[in-house]
Amino acid sequence: MFRNGLMVSKEPTDAQRSEVEKRGEDWLHRAFSTEPLEHDRVIKVICELYRLAGRQSPAVLFCKSPMQLTAASALLALLVKSDAGVSSWTRLERLLPDAWWDELVSELAEQMTLSQLREHLRAEREDVDTTRRLSPTRAISLFPQIQFSAELIETLDVKLGSVLNSQLEQHWSRLTTSEMRTSILSSTLARRLTFLSLQVRAELISQSAAKVIKPIGHIFREMPNNDISLGIPLGTFCKESPDIIRLYREHNSWGPWMIQWPSAYLAISDVFGKEVFGNEGCQARRVIAFLEELQAMFSCVFLKGLCVVSERPQHLALDEQNRVHDENGAAIVFADGFSLYSWRGVTVPGHAILRPKALTVKRIQGERNSATRRALIDIYGNTKFLIDSGATKVHEDDFGVLYRQPLQGDEALVMVKVINSTPEPDGTYKDYFIRVPPNIETAHEAVAWTFSVDAGRYKPVRQT
Amino acid sequence: MDTIYRQGDVLIISVDSLPPGAVQEEPAERVVLAYGEVTGHAHALDSALAIAYRHNEDRFIEARRGATIVHEEHGPIVLPPGYYKVVRQREYTPEEIRRVCD
């Protein structure tokens, strides 16, 4: 502890450090949970969240997966503006192309009638129009409602920020060091949550949005041309779909931000709670607790007057670094069957996991997403890929042979082939490949790098 | 110049002394430098002839006369008495650096 007249700083104790660590584990556990949601609890939290943002309580609808969530938001937006009312709902239900859509509609219909939904939306939005017919342009214009997600979070950010800052300014500097604020928190919380939130959730949403566009288009294509109540030309709808996907991708990235940001404060407040927030607590503490509850949901879309929530997955497999990963099947599976195949945290096509032997060099090189391509190379095997793709030998010396295979739009695959110093029982010498950074130019330099030693120093007197 | 020995994916580098603050590891039947996660084999020394130390993420050994590193698939290496730093081989990936395990 030191004193400079104005500020007293103290290191966190071991107990406090372990408490922060434990909080981080709790958060992680919650983020990866596959337990069913407690609906009453979630509704209460969401209504409180809207209230804090100065909004009326919304209708809360639950979906079985992010796929359903995306579909439901799109479907509801269309239906609300339709002048066909309940009959449109019924007609859509009849026209649904497969059981999956049947399930979605009955899922929503069980929870709320269309007229109830309209009441909620009308209470919040004066421009909800149930008399005019739906035109393609107007249907698409509904999707920016999703921007409310961002608005809501921004409102909360300002409120939370001001309350927290006023509380923390008085106590923060004397209770924590910069190490506490950055190193411990970022390592215990934010970094581990970043993966799940930023990659998986956003990807799930954009994937499901992409899948949803087609069935919606199918519904409208199947409709008689003279049905003017919901007669959106397919072409127009699909032409606009990239924007919808973009919207979902952008706005769902707010979700994880919302989760991560207060999580750091929450860990701190739990450890230093009484000192920072006082025995009686404060609004900030309460708000953070709400946000913690909110993290229980896998993903959600905030609309004016309506919040659509996805249930958690039924199955979620992780690797040793808490990345979503399953070598034998889907890594995430939701109740409606919507699933995600993932390799060390990167989403990959299902066939890469289910039929890895069918992967080819051509297929891998044709993959445009560099993260996915890296994952596919990993599944295929770095060494096998290097050999099968005809990599160029760039250097050879007493330490090994260096190969390079350029990858379009990504750093090159550079590997050094070394030979075991000890012979096999049959007298032959086994060789193996190790990947090294792409800037390495000689085999000697490459082998030295694998042992964290400069090439100039790397001269073993004995090797076996 | 440091003297360097290599047995498979483990490098042994001679050092003048242990770094200040190095902590002796719990004595066991043998000093295992690395287990091969794939084969289950181990790079190991007789604990009567070697003591293992840890300093942050680094490992060190103090070798006595006759200390020998053995492994099921590699030839033995006899270390002259002294202190050594133990380095595991690593592999590059664009996202992270993984340890190599034979």
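In what follows, chains are A, B, ... by sequence order, proteins preceding strands, each numbered from 1. Fair warning: this is a prediction, and the values are worked out from it, not measured in the lab.
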Kindly indicate, with the supporting measurements, whether the criterion salt bridge (charged side-chain N to carboxylate O under 4.0 Å, His left out) is fulfilled by Arg30(B) and Asp46(B). CA-CA 5 Å; Arg30(B) 56 183 190 156; Asp46(B) 185 340; over 6 Å; no

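Ion pairing between a basic and an acidic side chain is recognised when a charged N comes within 4.0 Å of a carboxylate O; Arg54(B) and Glu25(B) show such pairing.
Only the side chain of Glu411(A) comes within less than 4.5 Å of a heavy atom of chain B; its backbone N, CA, C and O stay farther away. For a residue to count as touching a neighbouring chain, one of its non-hydrogen atoms must lie under 4.5 Å from one of that chain's; by this rule Ile69(B) does not touch chain A. Residue Val453(A) touches chain B through its side chain alone, counting heavy-atom pairs closer than 4.5 Å.
Heavy-atom pairs under 4.5 Å with chain A peak, among Ile4(B), Ile13(B), Val10(B), at Ile4(B).
The one candidate from His74(B), His71(B), Arg88(B), Glu91(B) that meets the side-chain contact (heavy atoms from CB on, under 4.5 Å) condition with Asp9(B) is Arg88(B).
For the pair Arg374(A) and Trp343(A), the cation does not sit on the ring face, since its NZ or CZ is not both under 6.0 Å from the ring centre and inside 45° of the axis.
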